[in-house]
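The structure appears right after this line, and notes come after that.
The residues of the chain are indexed from 1 along the displayed sequence.
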Amino acid sequence: EVQLQASGGGLVQAGGFLRLSCTASGFGFDDYAIGWFRQVPGKEREGVSFINSYDGIVYYGDSVKGRFTISSDNAKNTVYLQMNSLKPEDTAVYFCASMARRGAWYGSSWLKAYEYDYWGQGTQVTVSS
């Protein structure tokens, strides 16, 4: 059974940091890539970051470039999202999701929620001003 477990959210002041974790079971990172999305009420899910560790590919959304870093520990089947210099506008529920690996090019597909096969339950990140 494929499962994704997101954790690490919490309440932090602006300028602070958090590290989110996404632990996968039922598949390995040789076959799947992982994306992070976030969502606030009334808005669509926004692609935050993506990693295909097998091919060494990472992407970031424009709003988080230079502040967030995605990484993976394949031995632990876990993807991390290090979030630094957090801003109140980063407040959202953060989800991780898996996509079957497609090689070395994804174009804009990593930003589209419907491209992903499995989703974790989400973890709340709240950044106070």
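Taking hydrophobic clusters as Ile, Leu, Val, Met, Phe, Trp and Tyr residues chained together by side-chain heavy-atom distances below 4.5 Å, Tyr118 shares a cluster with Leu20. Using a 4.5 Å cut-off between side-chain heavy atoms of Ile, Leu, Val, Met, Phe, Trp and Tyr, with links allowed through other members, Leu81 and Leu18 fall into the same hydrophobic cluster. In this structure, Val12 is a member of the same hydrophobic cluster as Val48, with clusters built from ILVMFWY side-chain heavy atoms closer than 4.5 Å.
The two residues Ser85 and Arg67 have their closest heavy-atom pair at O-NH1, 3.0 Å. For the pair Ile34 and Cys96, the tightest heavy-atom approach, listed with the atom from each and the gap, is CG2-CB, 4.3 Å. Nearest approach of Ala92 to Arg38, heavy atoms of both residues: CB-CB, 3.7 Å.
Residues Met83 and Asp90 have side chains not in contact (no heavy-atom distance under 4.5 Å, counting atoms from C-beta outward). Contact of the Gln82 side chain with the Phe17 side chain is registered, since non-hydrogen atoms from C-beta on lie closer than 4.5 Å. Using a 4.5 Å heavy-atom cutoff, the side chains of Ile57 and Trp110 are not in contact. Between Met99 and Tyr106, the closest side-chain pair of non-hydrogen atoms falls below 4.5 Å. Residues Asp117 and Tyr32 meet the side-chain proximity criterion, which asks for heavy atoms closer than 4.5 Å. Side-chain contact check for Lys76 versus Ser21: every heavy-atom pair is 4.5 Å or farther apart. Side-chain atoms of Phe27 and Leu4, non-hydrogen and from C-beta on, do get closer than 4.5 Å to each other. Side-chain contact check for Val79 versus Phe29: some heavy-atom pair is nearer than 4.5 Å.
Atom CZ of Arg45 and atom CG of Leu111 lie 14.5 Å apart (nearest 0.5 Å).
Side-chain N or O atoms of Glu1 include none that pairs as donor or acceptor with a backbone N or O of Gly26 at under 3.5 Å. Judged by distance alone, with hydrogens and angles left aside, the side-chain atoms of Asn52 form no donor-acceptor pair with the main-chain N or O of Ala33 at under 3.5 Å.
There is a side-chain donor-acceptor pair under 3.5 Å between Gln124 and Thr126. Between the side chains of Glu46 and Ser63, at least one donor N or O sits under 3.5 Å from an acceptor N or O.
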Checklist entry - Going through the checks in order, is the side chain to side chain contact (heavy atoms under 4.5 Å, CB included) test met by Leu86 and Phe68? => result CA-CA 9 Å; Leu86 283 163; Phe68 290 11; 3.8 Å; yes
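Phe50 pairs in a side chain to side chain contact (heavy atoms under 4.5 Å, CB included) with only one of the listed residues (Tyr116, Trp36, Tyr60), which is Tyr116.
Ring geometry, Phe95 versus Trp119: the interplanar angle exceeds 60°, so the pair is classed perpendicular (tilted spans 30 to 60°).
Cation-pi check for Arg101 over Tyr54 is met; the charged atom lies under 6.0 angstrom from the ring centroid and within 45 degrees of its normal.
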